[in-house]
Each structure stands twice: as C-alpha cells, then as structure tokens.
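A short worksheet on the structure shown next.
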Amino acid sequence: MVSLNYILNPRIKSMSLTFYSAPMSTASITEAVLAELGIDCERINLDLSAGDAKKPDYLKVNPNGRVPAIVHDGTAIWESSAITMYLGEVFGVDAKLYPALSPQRGEAMKWIAWANITLAEAANRLFQSLPPEQQGDPATNADEKVTSEQKSAIAMEKAKSDLANCLRILDGGLEGRSFLLTEYSLVDTHVQGIVGWIGSMDVDLKPFSHVTGWLQRCYERPAIAKLMAG
Ligand SMILES: N[C@@H](CCC(=O)N[C@@H](CS)C(=O)NCC(=O)O)C(=O)O
C-alpha cells in the first residue's frame, strides 16, 4: 500500500525500502509496523549471534551495530522509534493508522518516544540484572549479557519499581479508552512490542488491568496475531 501523500510528495519519487531485521529483537516492532501498513520491502535478516550487526557492511547502514534499520530510497533510518514515526508519517496517515499534523501527532510522538526512552530504559536495567536464563534468547543480546557476579539485587528492585511506575503511567493513559489514541494506531503497534517484552520478563502485568486489556486487543490485530503465530 502506497499512500497518496507519498506519491504526491515531490521529494519522494520512487519506492525502494530495505528492512534490516533479526528474530526476537527490537526489529519485531518495525516488522509489526510494516505488517500493519501492508508495505512490501526487501528484508535482510541478520544473525546477531554471528555478529552480523557489527560487520563493516552493516555498520555503513547503522553505525550503532543494531537492528532495526531501514533504508528508504537510499536514506538509512535507524532507531525503532524514528522508524515508526517516519513510516507513520509517510504511509500511515492515509491508512488511518497515524495522526495527521495536529496535537494528536504530538500525542503519538509522546508515547513512542516515552516507550523507547523511559520505559525501555527501566526495562533494560531489569533485563541486565536478570540471570541469563530469564533473558529470553541470549544469542540476540550477545553484547548485553552480564555475568552473575555483576547482578545486583538492589539494581533489580529499583528497575522493577521504575517499571511499575511506568506501567502505572501507561495504565492511566489507557483508562477509558481502548487504545492509546482512542482508535488503534501505530502507536499501539510500537508500544505493545516493548510491553510484550517486559511481560516476558519477571514482571507481573496483572495489577495494570487497562494495560493487560489493551495488550490483548493489540494481540487480536490480524497483522500482529499473524506475526506472533510465526
Ligand atoms: N534503541 C534501539 C535499540 C536496538 C537494539 O538494542 N537492538 C538489539 C537487538 S534487541 C541489537 O541489534 N543488538 C545488536 C547485537 O546483539 O549484536 C532501537 O530502538 O532501535
């Protein structure tokens, strides 16, 4: 699906999109965004455990050596939050999956930036304080593993309490509405990816009933359900 905005925008004439991905990684968020938008692209799967993300060719695309990244008509864009906002703006407005320029656009950016900075920062701290067997697929996080000696119970408790605070904020944002911007949008697609990861760690989401209800509704989206089914 290519939006009218995209076709009419004189700065964007052709359509070539490459998506650099890896299983069980932050790239799953971009995977879900592309699936919701129905965008066809060239997909390059990296094997993180083989160090693909740190190889010179990929570092030319993303000097951070991380996935996801996209290259759209020759321009590399990395950081999943930037990718979601960019794809939302270019393809999502006509598809009614991303708000047009308005205060609601600001709301969309607020949740996406918050999820990647505040929420993911607390989640990463918890992740790094967990023993490797509770970290999901260790191979996809090869450069983030910590030894058991580095584990700190205090750091874990602090991360859990910061995460609970974030989940309270998200719960409040969802009170009285089905989705973060009322109607389903790429904001939900993005934020559910991070909350789903948090739920897979040692964090009880049940006290946050608006969050759990919302997560379930996100998982019922055909695009997300299909990706989750593998
Ligand atoms: N803030 C980045 C985080 C990306 C990230 O941490 N990706 C990890 C996988 S979850 C990665 O590529 N790690 C490189 C590696 O393991 O070699 C984003 O949102 O795009």
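Between D52 and K55 there is a salt bridge, since at least one side-chain N of the basic residue sits less than 4.0 Å from a carboxylate O of the acidic one.
Under the 4.5 Å side-chain criterion, counting only non-hydrogen atoms from C-beta, S178 is in contact with R217. The shortest distance between side-chain heavy atoms of L87 and H72 does not fall below 4.5 Å. Counting heavy atoms from C-beta outward, L126 and M156 have side chains that approach closer than 4.5 Å. Between Y58 and I44 the shortest side-chain heavy-atom distance does not fall below 4.5 Å. In this structure the side chain of R168 reaches within 4.5 angstrom of the side chain of N165, judged on heavy atoms. The shortest side-chain heavy-atom distance between T18 and I70 does not fall under the 4.5 Å cut-off. S81 is listed as a side-chain neighbour of M85, based on a closest heavy-atom distance under 4.5 Å. At least one side-chain heavy atom of L167 sits under 4.5 Å from a side-chain heavy atom of L205.
The closest donor-acceptor contact from the side chain of T75 to the backbone of V71 lies at 3.5 Å or more, if one exists at all. In terms of modelled atom types and a separation under 3.5 Å, the side chain of R43 and the main chain of F19 share no donor-acceptor contact. For R105 (side chain) and A108 (main-chain N/O), no donor-acceptor pair under 3.5 Å exists by modelled atom type. Looking at Y98, its side chain never comes within 3.5 Å of a backbone N or O of V187 through a donor-acceptor pair. Although no hydrogens or angles enter the test, the distance criterion places a donor-acceptor pair under 3.5 Å between the side chain of S102 and the main chain of A100. Of the possible donor and acceptor atoms, none in the side chain of E89 sits under 3.5 Å from a partner among the backbone N and O of Y86. No donor-acceptor distance shorter than 3.5 angstrom exists from the side chain of D162 to the backbone of A159, with no hydrogens or angles considered.
For the side-chain contact (heavy atoms from CB on, under 4.5 Å) criterion with V67, the lone passing option out of N45, L48, N62 is L48. Here the options are N116, I112, T118, I117, the test is side-chain contact (heavy atoms from CB on, under 4.5 Å), and the partner is W114; only T118 passes.
Among all heavy-atom pairs drawn from D171 and S209, the shortest one is OD1-N, 3.6 Å. Summarising the geometry of A115 relative to V191, their closest heavy-atom pair is CB-CG2, 3.9 Å, with the distance given to 0.1 Å. Residue I83 comes nearest to W78 through the heavy atom pair CD1-CA, 4.1 Å, listed as atom of the first residue, atom of the second, then distance. Nearest heavy atom pair, residue S80 against residue T26, reads OG-CG2, 3.7 Å. Here the closest heavy-atom approach between residue V61 and residue A69 is recorded as CG1-CB, 4.0 Å. Nearest heavy-atom pair across E183 and D188 is O-OD2, 3.9 Å.
Separating the CD atom in Q104 from the OG atom in S185 is a distance of 7.5 Å, to the nearest 0.5 Å. Going from atom CZ of R125 over to atom NZ of K160 covers 13.5 Å, rounded to the nearest 0.5 Å. A distance of 11.0 Å separates OG in S25 from CZ in R66, rounded to the nearest 0.5 Å. To the nearest 0.5 Å, the span separating CD on Q192 from CG on L180 amounts to 11.0 Å. Of the inter-residue distances, the one linking E121 atom CD with L163 atom CG reads 9.0 Å to the nearest 0.5 angstrom. L170 CG to E175 CD: the interatomic distance, rounded to the nearest 0.5 Å, is 12.0 Å.
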Item to check | CA sep, side-chain torsions, deciding dist, call: L119, I169, side-chain contact (heavy atoms from CB on, under 4.5 Å) | outcome: CA-CA 10 Å; L119 179 65; I169 291 168; over 6 Å; no
Checklist entry - T189 and T84: side-chain contact (heavy atoms from CB on, under 4.5 Å), yes or no, with the steps? => result CA-CA 9 Å; T189 322; T84 299; over 6 Å; no
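Under a hydrophobic clustering in which Ile, Leu, Val, Met, Phe, Trp and Tyr are joined whenever their side-chain heavy atoms come within less than 4.5 Å, directly or via other members, L227 and F91 fall into different clusters. Hydrophobic cluster membership differs between L59 and Y20, with clusters built from Ile, Leu, Val, Met, Phe, Trp and Tyr side chains linked at under 4.5 angstrom.
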